[in-house]
Amino acid sequence: MSDRPLLNRSLRGFGSTIFAEMSALAVKTGAINLGQGFPDTDGPESVREAAVKALRDGRGNQYPPGPGVPELRTAITEHQQRFYGLTFDPDTEVLVTAGATEAIAASMLALLEPGDEVIAFEPFYDSYAASIAMAGATRVPLTLRAPDFRPDLDALRDAITPRTRLLLLNSPHNPTGMVLTRDEVTAIAALAVEHDLLVVTDEVYEHVVFDGEHVPLISLPGMRDRTVSISSSGKTFSFTGWKVGWVTASASLVAAVRTAKQYLTYVSAGPFQYAVAEALRLPGSYFAGFRDDLRGKRDLLSDGLAAAGFEVHRPQGTYFVTTDITPLGEKDGPAFCLGLPERCGVVAVPNAVFYDDPDAGRTLVRFAFCKRHDVLEEAASRLRRLAG
Ligand code: PMP
Ligand code: GLN
C-alpha cells in the first residue's frame, strides 16, 4: 500500500461523531445517557402501526419514487399549510430524504462550488462542517455567546463577502436552545435578499418551541425562491431511527438538491414514509402535547442542574439544555464529560466540539431531556453529588 492517506482530504480531521462516542461511553459505563439526542420512548403507537401495516401490505417494500411517495409529499405540503400557511406543490417542491442529515449534505453538494463561503452560527450541529467540507466550500462561523446566544446581526452583515453563497441556519438551535425571533428572521432575510444569498434552514425542532414561535425563514418576503427548508420526522414524532426527513423549496432548488440526493441514497425507507404521512396528519393536540411534555422535562432537568451547581441556560426550544460548569470549579467541558460517568453515572456532551473555536465553548456542556421523567429525576439526583 502506498503511504497516501486513505481518507479524502476534505474529511480529514473529522473523526467519529461526538454522539457515537458519548453513547458508546454510556453503554460501557452503564451511565444514564443524556448525551445523544434521542428519546427513550417511541412515538405514537398509531404511527408505528401504520409502518407495520405498510410493510405487511407491501407498500414501500420496493424502491419508492425518487422524490418520496406521493402520500408523504402531499402530507408534507398539508403540514406546511396547516402550521405556517405556506403553499408547496407536492410534485415539484418537496423532496423526501434520509433524515435531515441527508437533506443538509445534498443541499451543500448541490448548491456549492469550491471556494464558496457558507456562513453558519457556531456552535453548529456536527454534520454542517462535514457537509460543507465535502462540497469543497469554506465555512465562516459566527459565534453565539452566552447567556442568551442571540445572533449578532452586525457581525453577520460584516461577515458577508463577494464569495458568500449561502447561509446555513438552525432554529430552534441545537445545542444552545436559542429560537430566532421574528425580528431576527426578518433581518436575516433582508440581508439574504440584499446580498443575493441562498439560505438553507434546518428546522428539525420546529415543534419544540417553549418560548416564542417558530418562524420559517422561507415565509419572509423575498425568501420563497432562495430558501431550502429542511425538517425531519425524527424529532417531532420520536422516531429518530426511521430517518425520514424532507426538503421544501422552489421547484428549481428542489431539482438541484434532488440531483445530489439521488446519487447519495436514491430513496429512503419506503414503509416508514407512509407512516410519517399519517404522523404529519395527527391532530393539533399531538403537537401541543409533545411540546408541553418536553417543557415539563426542560424545567425538571434545568432545576436539577441548577441544584447541582451548574449555571443553566434554559432553552427556548429543542430538547437540549446548555450549562456552564464554571460554578462547579471546572474549566474544561470535554474532560468534565469524560469523567462524568464515573463521578455520577451520567453522560453529557461537551459543546466545545460544536465550535471552530473550541475556547468559545470550553466550559459549556449539553444535556438532553427527551427522556422519561423517572430517568431525568434519577439523573438530577445523581448530578447533585457534584454539589458536594
Ligand atoms: N439537525 C439538527 C440540528 C439535529 O439536531 C439533528 C439530529 N437529529 C439533525 C439535523 C439530523 O436529523 P436526522 O436524524 O433527521 O438526520
Ligand atoms: N441530533 C442528535 C443530537 O444532537 C444526534 C444525532 C446523531 O447522533 N447524529 O444529539
Side-chain angles (χ1 to χ4, degrees), residues 14-27 33-40 43 68 72 76 95-108 120-132 144 149 168-180 200-209 214 228-248 257 261 264-265 268-269 272-273 276 279-280 294 301 315-322 337 347-355 361 364-371:
F14 293 97
S16 59
T17 86
I18 189 68
F19 308 115
E21 270 178 33
M22 296 320 272
S23 283
L25 185 64
V27 169
N33 189 357
L34 303 188
Q36 192 175 26
F38 63 90
D40 59 0
L72 177 53
I76 291 166
L95 174 66
V96 176
T97 57
T101 307
E102 189 198 29
I104 293 161
S107 299
M108 298 304 121
F121 291 111
E122 71 170 7
F124 35 66
Y125 183 59
D126 66 347
S127 85
Y128 296 3
S131 296
I132 295 167
L144 301 172
F149 302 105
L168 176 51
L169 300 176
N170 171 217
S171 178
H173 183 261
N174 177 10
T176 67
M178 180 273 294
V179 176
L180 291 174
V200 174
T201 58
D202 176 346
E203 305 175 47
V204 299
Y205 299 102
E206 60 184 314
H207 289 290
V208 193
V209 177
H214 177 63
V228 174
S229 173
I230 293 172
S231 195
S232 166
S233 60
K235 306 295 163 177
T236 302
F237 303 110
S238 298
F239 289 114
T240 60
W242 288 10
K243 297 298 292 186
V244 177
W246 54 85
V247 164
T248 45
V257 178
K261 183 248 150 51
L264 293 173
T265 54
S268 49
F272 294 133
Q273 295 191 35
V276 171
L280 285 165
L294 283 170
L301 187 63
Q316 297 174 287
T318 77
Y319 44 51
F320 304 109
V321 52
T322 284
C337 288
V347 162
V349 164
N351 289 30
V353 300
F354 303 124
Y355 291 79
L364 301 178
V365 168
R366 188 196 85 173
F367 293 83
F369 53 83
C370 46
K371 310 290 172 179

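Everything quoted here is computed from the prediction, not taken from an experiment. Counting starts at 1 for both ligands and their atoms, in listed order.
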Can you tell me which portion of T17 lies within the under-4.0 Å heavy-atom range of ligand 2? Options are side chain, backbone, both, or neither.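 It is neither part, as no heavy atom is under 4.0 Å.
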Angle class for the F320/Y205 ring planes (parallel below 30°, perpendicular above 60°, tilted otherwise)?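 Perpendicular.
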Evaluate the ring planes of Y128 and Y125, with Trp represented by its six-membered ring, and classify them as parallel (under 30°), tilted (30 to 60°) or perpendicular (over 60°).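 Answer is perpendicular, since the angle exceeds 60°.
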So, T236 versus E206: side-chain donor-acceptor pair below 3.5 Å or not?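 No, no side-chain donor-acceptor contact under 3.5 Å.
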Pair T265, E102: side-chain N/O donor-acceptor within cut-off below 3.5 Å: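 There is such a pair between these side chains.
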Quick check on side-chain contact (heavy atoms from CB on, under 4.5 Å): which of N33, I18, T17 does S23 satisfy it with?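 Of N33, I18, T17, side-chain contact (heavy atoms from CB on, under 4.5 Å) with S23 is met by N33 alone.
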Between G37 and ligand 2, is there a nitrogen or oxygen pair with a distance under 3.5 Å?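 For ligand 2, there is an N or O atom that lies under 3.5 Å from one belonging to G37.
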Decide whether an N or O pair under 3.5 Å exists between Q36 and ligand 2. yes
Can you list the atoms of ligand 2 that are under 4.0 Å from a heavy atom of K235?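 The atoms of ligand 2 under 4.0 Å from a heavy atom of K235 are 1 (N), 2 (C).
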Show the atoms of ligand 2 that are less than 4.0 angstrom away from any heavy atom in F320.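 Those of ligand 2 that fall under 4.0 Å from F320 are 3 (C), 4 (O), 10 (O).
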Protein residues that have a heavy atom under 4.0 Å from any atom of ligand 1, sorted by chain and number: G99, A100, T101, Y125, N170, N174, D202, V204, Y205, S232, K235, K243
For G37 and A368, the nearest pair of non-hydrogen atoms, with its separation, is CA-CB, 4.3 Å
Is the terminal nitrogen or CZ of K371 (NZ for Lys, CZ for Arg) located under 6.0 angstrom from the six-membered ring centre of F38 and within 45° of that ring's axis?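 Relative to the ring axis of F38, which defines the angle, K371 lies inside both limits.
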Backbone N/O of L72 and side chain of Q273: donor-acceptor pair under 3.5 Å: no
Any donor and acceptor pair, going by atom type alone, linking the side chain of R366 with main-chain N or O of G35 inside 3.5 Å?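 Yes.
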Return the residue, atom name and 0.1 Å-rounded distance of the protein heavy atom closest to atom 9 (N) of ligand 2.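 For atom 9 (N) of ligand 2, the nearest protein heavy atom is Y125 OH, 3.1 Å.
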